Amino acid sequence: MHVFETITPAITDTRLISWMSPTRPIIRVEFNQEIDRNELLNKVFLYDEVLGRTVPTAVKLYTWQFREKLEDDYFGTEQEYLSAGHFLRGDEVIVFPSEDLSYSSKVSLVLSPGVAGTSGSVESKEKQLIETSIKTYPEEFRLLGFACQDVSRNFLYSDVGETDILLCSFSSPVALTFNSPFKERHLQMLNSSLFETETFEYVQIQPPVNVGDHSWNAWRLREIEEIEGIHFLINPNFAPNTTYQFTIAPELPLTDLEDIYPSVLPVYDGFGRPLVGPNEFAIHTSHLYPKASLEVRTLVTAANSMFDPKMYLQNVDEVNAFFDTIDSQGVSKNQTFTRTGPNLNDVEESRLLGLREALNSTSGVMRGSIVGKPRFAGHDDQLEHDFFAQITPYSVFFKLGEYNSLAWVLDIQSGEPIARVTVDFYKSTSKEFFKPQHKIFTGITDEDGILVVPGFETFDSGWDQADHSMDQECEEGESCTVYLVRVSNNEDLAFLPLVSDYRMSGHYRTDFDKDIDHWATTGQKLYRRGDTVQIKGYVRLEYDEQRQIPDSGNFGLCIEGPENRNYEIDSLSVNEFGAYYAEFKLFDSTPLGDYELVLVYDPLQPLSGSCSHVGYWKSKTDGIQIVREGEFEVFEFKTNLIRVSQ
């Protein structure tokens, strides 16, 4: 003998579809089984929490076509709910309240006992109360408050009508909170269902300000989820240190009414109710963020040039530099200097770092950090940037290998090899980079400026005995270990830390170019219309993790430009060194902008229409691979007519 009980009818899901009025929601109700119409008559109710009473309902047929009609008529203005068909049987229905509920009342569904399904006679035994997230709207359409972020990214909220003015970051959007949505409900959403945008059509801002493109990420105001209401987001391009007055305005203000604005027609919510109560508020924007940055943090400049790196300062009282130097006079540690910030607020000015002033010879290194002191409270206490700057006559290359490495020293301006200079390869720390902890190799360059150095298998088989960083990634107050190459000859010096700042690399290889490498450059980076562009490139194919010079295959170039202006070279001749040369002439009407070199490789067939295989959104052509490498710019510029002669 077996005893069991069948599942009795019950509500499994409820969902708001639209509204008949501010106090009459239209709800989709789903059951756990099919039910006949007669079973639901006078047995489905809505519960009004404010008055503590149940409200009778009408049960109608649910179809997805009718649901879409109701959603499009979200506020019931077209009264699509009147055309609802009768429910006969099924597991989904649409429920309409037969009378108004209270304003601002939470809504629950009530299913009375005694309901049977179509496939059995067992009836539900208990009353079922289903709480929902639905709440009827308040009696009047009102602006409740507004929110923004301050300069420290703290969330700020104010009820409308308060006298205090929020001090908002100049880059923060402003969220407006209402107790009912605007009639244009289906507005563009911004990364989150929290916010409806384009509310700026309803808002006058004085002084006038352009509204941004809504590219700002909404997650920065997630705290507003805790505040009840309908939230709208506007993203004006605020000026710093300015008070802005916001006034809720008509949808489209008329030009001839601007003089008496905002004493004009009111805004309406989706139910056609005018905005009542306070409709104005003000915010004051912060100053621009403080800045104490370097033009370049890792810098190499020629010994006989006059270039000195710049610091860019904004809204800082001063900037302090803390640094060490090494030059022909030796090492000087714990040096400092101070530069004053701009006199005017919210204005960026530059100051020289003082690289040449800090050194006692025409070659050397300045290593340290700059620290800015913010002018205004609320910003970061410290603005700190490390730097490693050197003046040298040498250009140093180091090709790291497993068993043999190679150092190559050239004149930084002429590119000629430098013979008979000393090369030291050693491990040290980022703070004491000039003092070897562990010497690995010392040698003299040959007539070609080359020196062969032991590979890392001989001194660091896992290439993991150093942090390989110059402090940017070190723990605070710590010093990283790093491998360095030092070149010296009398008073001339050059240091090459083996860190990512100095690493030369091409584009990351994707599935489209996993078996081919390509390096390419043009004769210059800037061209005029009508100029001839000269291209030099190198190609390597990869077989069994080894790069080889191609001895077969077909190569082409697609030069991608703006406005879909492409240039094609369908037949490239690759020589025995895996190198090629190509040139083409720019049209007199070619679009200005950036152009990119894309190598196209077909191992079997000659290429025709190389650019037909190129494009970020194009599907891969079987057997054909592409690699992006190299770029140049086309721009209109005039040569200065002023000439300097001796």
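Given the structure is predicted, the values throughout are model-derived calculations rather than measurements.
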Over all atoms of both residues, closest heavy-atom pair of Pro342 and Val347: CG-O, 3.5 Å

Are the side chain of Ser169 and the backbone N or O of Gln149 linked by a donor-acceptor pair below 3.5 Å? no

CD on Glu30 to CZ on Arg15, rounded to 0.5 Å: 8.0 Å

Considering residues at least two apart in sequence or located in another chain, which fulfil the salt bridge (Lys or Arg N to Asp or Glu O under 4.0 Å) criterion with Glu228? Lys135

Nearest 0.5 Å please: distance from the CG atom of Asn179 over to the CD atom of Glu140. 8.5 Å

Please examine the side chains of Leu46 and Leu109, heavy atoms only from C-beta on, and report whether any two atoms are closer than 4.5 Å. yes

Between Lys43 and Glu123, is there a salt bridge with N-O shorter than 4.0 Å? no

Tell me, do Pro113 and Glu126 make a side-chain contact under 4.5 Å, heavy atoms counted? no

Just by modelled atom types, is the Phe271 backbone N or O under 3.5 Å from a matching donor or acceptor in the Asp269 side chain? yes

Taking the side chain as every heavy atom from C-beta outward, state whether Thr14 and Val95 have any atom pair closer than 4.5 Å. no

Using ring-ring contact (aromatic ring centres under 6.0 Å, His included) as the criterion, list what pairs up with Phe96, not counting sequence neighbours. none

Can you confirm if the aromatic rings of Phe178 and Phe141 lie within a centre distance of less than 6.0 Å? yes

With sequence neighbours left out, write down each residue that passes salt bridge (Lys or Arg N to Asp or Glu O under 4.0 Å) with Asp317, or none if nothing qualifies. Arg375

Determine yes or no for a side-chain-to-main-chain donor-acceptor pair under 3.5 angstrom, with Asn279 supplying the side chain and Leu143 the backbone. no

Output every pair passing disulfide bond (SG atoms under 2.5 Å apart) with a member in residues 87-176, not counting sequence neighbours, ordered by first then second residue. Cys148-Cys168

By the definition side-chain contact (heavy atoms from CB on, under 4.5 Å), identify the one residue from Asn345, Val151, Asp346 that meets it with Leu288. Asp346

Determine whether a donor-acceptor pair (N or O, by modelled atom type, separation under 3.5 Å) exists between the side chain of Ser112 and the backbone of Lys127. no

Looking at Thr12, Asp13, Val93, which one forms a side-chain contact (heavy atoms from CB on, under 4.5 Å) with Phe31? Val93

Between Gln314 (side chain) and Tyr289 (backbone), is there a donor-acceptor pair under 3.5 Å? yes

For the CG atom of Asp159 and the CG atom of Leu144, what is their distance to the nearest 0.5 Å? 8.0 Å

Modelled atom types, side-chain donor and acceptor of Asp91 and Asn32, under 3.5 Å: no

Check the orientation of Tyr137 and Trp19. Use parallel for under 30°, tilted for 30 to 60°, and perpendicular for over 60°. tilted

Could you list the residues that satisfy side-chain contact (heavy atoms from CB on, under 4.5 Å) with Ser18, not counting sequence neighbours? Ile26, Leu70, Tyr74

Quick check: do Glu560 and Val598 have side-chain heavy atoms less than 4.5 Å from each other? yes

Going by the angle between their ring planes, with limits at 30° and 60°, are Tyr595 and Tyr567 parallel, tilted or perpendicular? tilted

Look only at the side chain of Ser105 and the backbone of Glu49, and say whether a donor-acceptor pair between them is shorter than 3.5 Å. yes

Give me the one residue out of Thr242, Leu166, Ile165 that meets side-chain contact (heavy atoms from CB on, under 4.5 Å) with His284. Ile165

Please check this pair: side chain of Glu568 against backbone of Cys611, looking for a donor-acceptor N/O pair closer than 3.5 Å. yes

Please report whether the ring centroid of Phe281 lies less than 6.0 Å from that of Phe246. yes

Under 3.5 Å, is there a donor-acceptor pair between the side chain of Glu39 and the main chain of Ala116? yes

To the nearest 0.5 Å, tell me how far Lys60 NZ sits from Arg37 CZ. 7.5 Å

The salt bridge (Lys or Arg N to Asp or Glu O under 4.0 Å) partners of Asp100 (sequence neighbours excluded) come to Arg24

Check whether any side-chain N or O of Thr177 sits under 3.5 Å from a backbone N or O of Ile230 as a donor-acceptor pair, and report yes or no. no

Look only at the side chain of Asp150 and the backbone of Ser152, and say whether a donor-acceptor pair between them is shorter than 3.5 Å. yes

